[in-house]
Colleague: 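If you scroll down you'll find the structure; I have some questions about it.
The analysis underlying the following values was restricted to heavy atoms, covering all of them including side chains, and did not include hydrogens, waters or symmetry mates.
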Amino acid sequence: MYSLKGQIAIITGGARGIGEGICEIFCNAGATVALWDILDLGKETADRISSNSGSVFFQKVDVTDNKSVGNAVEKIISKYGKIDILINNAGVIRDRSFLKMSPEEWNTVINVNLNSLYITTKAVLPHMREAGYGRIISASSINGYQGAFGQANYAATKAGVSGFTRALCKEVGRFGVTVNAVAPGFIKSEMSDSMPEEIIKAAIEQIPVKRIGTTEDMGYCYLFLASKEAGFVTGITLHANGGSMPM
Ligand code: NAD
């Protein structure tokens, strides 16, 4: 297993779902994790993970808000003096067919899923450059590549995440910083749990490995890209979808 011992990681949207899975796996690997979320549930999640294995603390942060992000980064730097890993996982959906999509539905998704990368990365990158080391990994999606009905806003952001990743890696490789993305396929989450059983069954039938992905599957993808050993891997989007759309 890859070790993150002694490393400081920020995981956005860590209160539940895939973010919670990443927090858990990073803690097991020895990292100290700052769990960022707008939900107070983040405190419960952090306490639960800490009591089991690792070192994780909750910071209530809105990734669309410069001030909120800046304050949280300052606190981490004043306590630990560095940030090794930034996981841009927070994301939202506001699905609606394009002709009916409101400006609010468009802008919310663009702000949370894409504009936030400008805010968080801008706040963290100077510290990584100074340290000569860093790992930045962001959440793309299979739907950023294949598209999905009612997700023009979401797909635009997730394709944008992969473009951001390909471009930024060219600027920061010389500082020892790698930039990658993970594009999950169909993952078990609160969202998938609320779908009718026959729809889930039919969806799984279409996946070559014949099962739904887990938050643990995703956590290990992030762990590899966050490891020191992945230093020659940068600018990629790791497609983790059970073969649904081989890239
Ligand atoms: P989720 O809704 O369960 O978790 C997202 C978390 O982000 C929540 O805890 C939420 O409170 C937090 N968040 C939302 N807005 C925020 C903000 N402004 N500031 C801080 N935190 C905020 O979602 P998930 O299914 O765990 O997905 C995680 C990421 O993976 C998302 O970016 C999503 O688009 C992507 N993804 C998920 C799937 C899937 O099948 N679950 C598939 C492809 C991509």
Side-chain angles (χ1 to χ4, degrees), residues 1-2 9 11-29 33 35 37 39 41-42 44-46 48-49 52-54 56 87-97 109 112-113 137-162 165 180-227 230 233 236-247:
M1 164 116 143
Y2 296 103
I11 299 175
T12 75
R16 66 180 191 203
I18 293 173
E20 181 178 3
I22 303 168
C23 286
E24 212 146 11
I25 282 172
F26 278 30
C27 279
N28 287 338
V33 172
L35 186 167
D37 211 289
L39 298 178
L41 172 69
E44 244 175 73
T45 306
R48 185 188 59 73
I49 296 173
N52 286 342
S53 55
V56 47
I87 305 295
N88 289 310
N89 164 76
V92 292
I93 48 170
R94 294 287 185 277
D95 293 2
R96 184 94 57 200
S97 61
V109 174
V112 177
N113 296 7
I137 308 153
S138 309
S140 180
S141 167
I142 190 172
N143 288 349
Y145 283 75
Q146 67 182 13
F149 189 96
Q151 289 200 332
N153 49 1
Y154 183 80
T157 62
K158 295 304 183 180
V161 166
S162 291
T165 297
N180 291 293
V182 173
F186 187 33
I187 309 303
K188 186 166 167 51
S189 65
E190 291 192 357
M191 203 200 336
S192 64
D193 285 347
S194 67
M195 291 163 71
E197 208 174 309
E198 60 278 14
I199 303 267
I200 297 180
K201 263 193 182 160
I204 290 174
E205 207 35 58
Q206 300 301 312
I207 303 174
V209 302
K210 301 293 173 205
R211 69 172 177 87
I212 193 167
T214 63
T215 57
E216 201 180 22
D217 289 325
M218 298 306 105
Y220 283 116
C221 294
Y222 279 92
L223 176 62
F224 167 63
L225 293 171
S227 69
V233 180
I236 70 155
T237 295
L238 176 57
H239 291 268
N241 54 40
S244 302
M245 197 184 58
M247 295 293 296

Colleague: With sequence neighbours excluded, tell me which residues meet salt bridge (charged side-chain N to carboxylate O under 4.0 Å, His left out) with R211.
Modeller: D217
Colleague: Quick one: are L35 and I11 in side-chain contact, heavy atoms under 4.5 Å?
Modeller: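 The answer is no; the side chains never approach within 4.5 Å.
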Colleague: Only counting residues at least two apart or in another chain, list the ones meeting side-chain hydrogen bond (donor to acceptor under 3.5 Å, both in side chains) with T12.
Modeller: none
Colleague: When you compare the side chain of I236 with that of L225, does any pair of heavy atoms fall below 4.5 Å?
Modeller: yes
Colleague: Once ring pair (Phe, Tyr, Trp, His ring centres under 6.0 Å) is applied, do any residues pair with Y145, and if so which ones, sequence neighbours excluded?
Modeller: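 Y145: ring pair (Phe, Tyr, Trp, His ring centres under 6.0 Å) contacts with H239.
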Colleague: Can you tell me how far apart CG (D95) and CG (N153) are? Round to the nearest 0.5 Å.
Modeller: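 D95 atom CG to N153 atom CG measures 7.0 Å (nearest 0.5 Å).
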Colleague: Show the nearest heavy-atom pair for residues I142 and S244, with the distance to one decimal.
Modeller: CD1-CB, 3.9 Å
Colleague: Please evaluate residues I22 and V33 with respect to the criterion side-chain contact (heavy atoms from CB on, under 4.5 Å), reporting the C-alpha separation (whole Å), side-chain torsions for both, the decisive distance (0.1 Å), and the verdict.
Modeller: CA-CA 10 Å; I22 303 168; V33 172; over 6 Å; no
Colleague: Please list, chain by chain and in numerical order, all residues satisfying salt bridge (charged side-chain N to carboxylate O under 4.0 Å, His left out) with K201, sequence neighbours excluded.
Modeller: none
Colleague: Any side-chain heavy atom of M195 sitting closer than 4.5 Å to one from S192?
Modeller: yes
Colleague: Roughly how far, to the nearest 0.5 Å, is the OG atom of S141 from the CZ atom of F186?
Modeller: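 It comes to 12.0 Å.
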Colleague: How long is the straight-line distance from OG of S138 back to CG of N89, given to the nearest 0.5 Å?
Modeller: 9.5 Å
Colleague: If only atom types and distance count, is the side chain of T45 paired as donor or acceptor with the main-chain N or O of A15 below 3.5 Å?
Modeller: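 Confirmed, T45 side chain pairs with A15 backbone.
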Colleague: Would you say the side chain of V109 lies within less than 4.5 Å of the side chain of I93, judging by non-hydrogen atoms?
Modeller: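 The answer is no, as the side chains (C-beta and beyond) never meet within the 4.5 Å cut-off.
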Colleague: Are L238 and N180 side-chain neighbours, meaning at least one heavy-atom pair lies under 4.5 Å?
Modeller: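 L238 does not reach N180 side chain to side chain.
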Colleague: Are T237 and S162 linked by a side-chain donor-acceptor pair shorter than 3.5 Å?
Modeller: yes
Colleague: Indicate the atoms forming the closest heavy-atom contact of L223 with A29, along with that distance.
Modeller: CD1-CB, 3.9 Å
Colleague: Measure across F224 and V233 and return the closest heavy-atom pair with its distance rounded to 0.1 Å.
Modeller: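 For F224 and V233, the tightest heavy-atom pair comes out as CZ-CG2, 4.1 Å.
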Colleague: Just grab all the salt bridge (Lys or Arg N to Asp or Glu O under 4.0 Å) pairs involving residues 237-247, residues at least two apart or on different chains.
Modeller: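 Counting only pairs at least two positions apart or across chains, no salt bridge (Lys or Arg N to Asp or Glu O under 4.0 Å) contact touches residues 237-247.
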Colleague: Could you go through E216 and K188, starting from their C-alpha distance and side-chain angles, then the distance that decides it, and tell me whether this counts as salt bridge (Lys or Arg N to Asp or Glu O under 4.0 Å)?
Modeller: CA-CA 10 Å; E216 201 180 22; K188 186 166 167 51; over 6 Å; no
Colleague: Could you pull out the closest heavy-atom pair between F26 and A226, with the gap in Å?
Modeller: CZ-CB, 3.7 Å
Colleague: Quick one: list whatever passes side-chain hydrogen bond (donor to acceptor under 3.5 Å, both in side chains) with N52, sequence neighbours left out.
Modeller: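 side-chain hydrogen bond (donor to acceptor under 3.5 Å, both in side chains) check on N52 returns nothing, list empty.
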Colleague: Give the minimum heavy-atom separation between N113 and G91, together with the two atoms involved.
Modeller: OD1-CA, 3.2 Å
Colleague: Got a sec, which residues hit side-chain hydrogen bond (donor to acceptor under 3.5 Å, both in side chains) with N241, two or more places apart in sequence or on another chain?
Modeller: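 Applying side-chain hydrogen bond (donor to acceptor under 3.5 Å, both in side chains) to N241 gives none.
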Colleague: Please name all residues satisfying salt bridge (charged side-chain N to carboxylate O under 4.0 Å, His left out) with E205, sequence neighbours left out, ordered by chain then number.
Modeller: K210
Colleague: Do Q151 and K158 have side chains that get closer than 4.5 Å, going by heavy atoms?
Modeller: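 Contact flag for Q151/K158 side chains = no.
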Colleague: Tell me, please, which residues at least two apart from T215 pass side chain to side chain contact (heavy atoms under 4.5 Å, CB included).
Modeller: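 Here the qualifying residues are I18.
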Colleague: Where do I200 and E197 land on the side-chain contact (heavy atoms from CB on, under 4.5 Å) test, with the steps shown first?
Modeller: CA-CA 5 Å; I200 297 180; E197 208 174 309; 5.6 Å; no
Colleague: Residues two or more places apart in sequence or in another chain: which of them pass side chain to side chain contact (heavy atoms under 4.5 Å, CB included) with A240?
Modeller: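 For A240, the residues satisfying side chain to side chain contact (heavy atoms under 4.5 Å, CB included) (neighbours in sequence not counted) are M218, C221.
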Colleague: According to salt bridge (charged side-chain N to carboxylate O under 4.0 Å, His left out), who are the partners of E190, at least two apart in sequence or on a separate chain?
Modeller: R16
Colleague: Which atom pair, heavy atoms only, marks the closest approach of C27 to V56?
Modeller: SG-CB, 3.9 Å
Colleague: Taking side-chain hydrogen bond (donor to acceptor under 3.5 Å, both in side chains) as the definition, give me every residue that meets it alongside Q146, ordered by chain and number, with sequence neighbours left out.
Modeller: N143
